[in-house]
Amino acid sequence: MKKFEFVEGITVADVAFVANGKDLSELFINSALALTSIMVEDLKKIEQSKKIKISLSASNNEQLLHDFLEELIFLKDAKLLVFSKFELKVNEKFEINAICFGEKINNEKHTMLVDPKAVTWHKFKLVKTNEGYQATVIIDV
Amino acid sequence: MKKVNDYCYEISKDYKEGMLVPARIYGSKEIVGQMDKSVFEQAANVATLPGIVDASLCMPDGHSGYGFPIGGVAAFDELEGVISPGGVGFDINCGMRLVRTNLTVKDVMPKIRELTDLLYKTVPAGVGSSGFVKLNKNEFRKVIEEGADWCVNNGYGWKEDLINTEENGRIDGADSAKISNRAVERGLNQIGTLGSGNHYLEIQWVRGANIMDSEIAKAYGLFENQIVVMFHCGSRGFGHQVATDHLQTFLNVMESKYKIKIRDRELACAPFHSKEGQDYFSAMKCGLNMSFANRQTILHRIRQAFENVFKTDAENLGMSQIYDVAHNTAKLEEYEFDGQRRKLLVHRKGATRSFGPGHKDIPIHYRKYGQPVIIGGSMETGSYLLSGTEASMKLSWGSTAHGSGRKMSRTQAKSMYDGKALQKDMESRGIYVKAVSYAGLAEEAGGAYKDIDEVIDAASKAGLSHKVAKLLPLANVKG
């Protein structure tokens, strides 16, 4: 089971990924890593010198994942932060408590790729699989 | 799909349950044949939205998007129709600006590297870039209400730039009270930045053989072997957040409050005159103004870079703005339809306004010729300056294509092209490129896009716009 992979045939102009996790928490982490990989070439070069807490609740898991990824896009623009490590817990009440570890974007150090504009609802899917959970997400870039 | 004529195909309203009008796709047989099938499904879905007038339209560069296809145009009755963020796109007022110079290829070629390197430094591009305009949140809220006007009043541009901008660079009715703090925080540092992806700044050459209508080219300020500067960008994180915020609001009320069936969450909408509809309309206008201000500030920086390299004033260099036109908007416009004068809310998502000769919204010095239409092609193949047509007012609510449209996904392009090799190859063909990353460059390879000449030809033959000149790239700054 791959953590995540970018997939073809869903969108031409934007970026689609499929992320997996043995449970919801792992799925959310892998989705966050997929999103970060759209904007930064090498996640290993992101130092974990800054810590940001994110707490969100929603009416269902799909909305929660959507909002969590949106929060990371927001932090990229508003605080110029990108993250390479996530410690988080998603509970049955559709709540997430996360600590994101990363640093400020630094063009000398990070090779930046394409800028994510938004998490779209287009073909957005979060399903239970035999191995755990899987999400399909298209990011507008 | 029924053929209406050689450049227009129609999907009848029996195709899908709930369609209120047919869907019409403009393009040659070849171009329409190459479109991915979701374009037709999405155009048909748009035809189900309440209050849609005449038809759901798709321009010749159409490709699949979310909710609306990219290249989608749809007009809604002001009283009975809806407004949809999906009909505008996340990048509100993504658009094009074209600037002329008195310089020729001979003047610029010896300094092209110096000039491009300086432009790369002064016009920040890529993920996480910040502009030079430092504002607090209250000042930013002023910018989004006043648009390019604010910039000119603060020394970032010339008064005449405003005349040569759609809506004079400031659309009325932008209300910053409808804007979330999150949106302000996202956009605060981004005025004067290009963004990434297909956003770029290009130094272009007006080759004599590429002037297709010399009278209009002259009226727009072009001459043979001239150097012009074109750039493509939008409202950055600010506009993206406005779209995200309001899409969510619409999703919450669409079915429960307004009984509109959700076929596709990206097609969320609300009645135009509802509270939610009007709130989005005002907020979207802030997005339009942010984008006009962004492009105005970038123009200011471009002029400074040219002044620096050519050691004379931008005025002496003849750096007037030819035009600035949006391709992601929803605007109230008046049209003659079925013998009546009607006010319609025209959504253009990846479609350029293309008003024909005589229209009151065209600057007086261009009015006789039609509105300048700026179309960006890929970084390798060239771009176009067109003029709006009388026919487009009847065929497409005064709209035409907006670019060439991707045919290859970004992942596919990266596996096909090597950024470093591509940069070298382009340089050997006389195009100097400065890009934030090689991977990003590979994604934008000319081969990843449809043939711009075919798209423009189809738009012209369909009657949506008229060819004025093709502009060739000499140098490109890529986000």
Side-chain angles (χ1 to χ4, degrees), chain A residues 5-17 35-42 46 58-60 62-63 66-67 69-71 73-82 102-107 109-125 137-141, chain B residues 36 38 63-67 70 86 89-91 124-130 182-190 195-199 234 236-241 243-244 247-248 251-252 264-268 350 405-412 414 436-440 443-444 448 479:
Chain A
E5 61 183 326
F6 295 110
V7 287
E8 290 290 313
I10 305 185
T11 174
V12 178
D14 295 298
V15 184
F17 67 78
L35 173 64
T36 312
S37 304
I38 294 172
M39 40 187 168
V40 190
E41 193 168 65
D42 187 356
I46 303 175
S59 53
N60 56 64
E62 282 198 349
Q63 185 75 51
H66 176 277
D67 294 354
L69 296 176
E70 274 295 344
E71 193 62 31
I73 292 180
F74 170 77
L75 289 167
K76 171 265 303 173
D77 280 338
K79 310 273 182 220
L80 304 176
L81 289 170
V82 283
E103 67 172 330
K104 269 206 165 184
I105 295 169
N106 173 357
N107 279 308
K109 186 165 143 191
H110 309 125
T111 301
M112 301 307 291
L113 302 171
V114 72
D115 198 5
K117 294 176 183 168
V119 182
T120 78
W121 282 114
H122 189 60
K123 298 186 179 172
F124 192 104
K125 230 168 41 185
V137 182
I138 300 178
I139 302 294
D140 190 332
V141 296
Chain B
D36 48 315
S38 355
H63 54 95
S64 68
Y66 326 117
I70 312 291
F90 284 104
D91 199 358
V127 190
S129 50
S130 301
R182 278 170 80 80
V184 171
E185 281 176 52
R186 265 185 86 175
L188 199 54
N189 294 314
Q190 295 183 329
S196 80
N198 62 0
H199 294 158
R236 309 286 288 110
F238 172 73
H240 312 157
Q241 191 63 41
T244 301
L247 183 69
Q248 194 61 51
L251 277 173
N252 297 342
D264 175 344
R265 280 181 282 190
E266 290 288 337
L267 214 54
R406 288 192 81 89
K407 66 172 183 194
M408 205 182 271
S409 77
R410 292 178 180 276
T411 321
Q412 219 179 335
K414 270 190 287 197
V436 171
S437 78
Y438 287 123
E443 290 180 8
E444 295 300 321

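Throughout, protein chains are lettered first and strands after them, A, B, ... in sequence-line order, and every chain is numbered starting at 1. In this text, all values refer to a predicted model and were calculated from it rather than measured experimentally.
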Between B/R265 and A/H122 (side chain of the first, backbone of the second, donor and acceptor by atom type, cut-off under 3.5 Å), is there such a pair?
no
If we check side chain to side chain contact (heavy atoms under 4.5 Å, CB included) with A/I139, which of these qualifies: A/L35, A/D14, A/T11?
A/L35
So, the part of A/V15 with a heavy atom under 4.5 Å from chain B: the answer is side chain
Relative to chain A, which of B/H63, B/K407, B/H199, B/Q412 shows the most heavy atom pairs under 4.5 Å?
B/Q412
Is it the side chain or the backbone of A/K104 that comes within 4.5 Å of chain B heavy atoms, both, or neither?
neither
Select one option (side chain, backbone, both, neither) describing which atoms of A/I138 are under 4.5 Å from chain B's heavy atoms.
side chain
Indicate yes or no for a side-chain donor-acceptor contact from B/Q241 to the backbone of B/R186 under 3.5 Å, with no hydrogens or angles considered.
no
Below 4.5 Å from any heavy atom of chain A, which atoms of B/L251 appear? Answer side chain, backbone, both or neither.
side chain
Top residue by heavy-atom pair count (under 4.5 Å) with chain B, among A/T111, A/I105, A/V141, A/D140?
A/D140
The side-chain contact (heavy atoms from CB on, under 4.5 Å) partners of A/L113 (sequence neighbours excluded) come to A/E41, B/S437, B/A439
Measuring from B/L247:CG to B/Y66:OH, what's the distance to the nearest 0.5 Å?
12.0 Å
In terms of heavy-atom proximity below 4.5 Å to chain B, should A/T120 be classed as side chain, backbone, both, or neither?
both
Which bit of A/H66 comes within less than 4.5 Å of chain B, counting heavy atoms only: side chain, backbone, both or neither?
side chain
Under a 4.5 Å heavy-atom cut-off, does chain A meet the side chain of B/S38, its backbone, both or neither?
neither
Whatever's closer than 4.5 Å to a heavy atom in chain A on B/L267 counts as neither
Given that the side chain runs from C-beta out, which part of B/T244 has a heavy atom under 4.5 Å from chain A: side chain, backbone, both or neither?
side chain
Just do the side-chain hydrogen bond (donor to acceptor under 3.5 Å, both in side chains) check on B/Q248 and A/Q63 with the steps written out, would you?
CA-CA 10 Å; B/Q248 194 61 51; A/Q63 185 75 51; 3.0 Å; yes
Between A/K123 and A/A16, is there a donor-acceptor pair closer than 3.5 Å when you use the side chain of the first and the backbone of the second?
no
Do the side chains of A/D77 and B/R236 get close enough for a salt bridge, i.e. N-O under 4.0 angstrom?
no
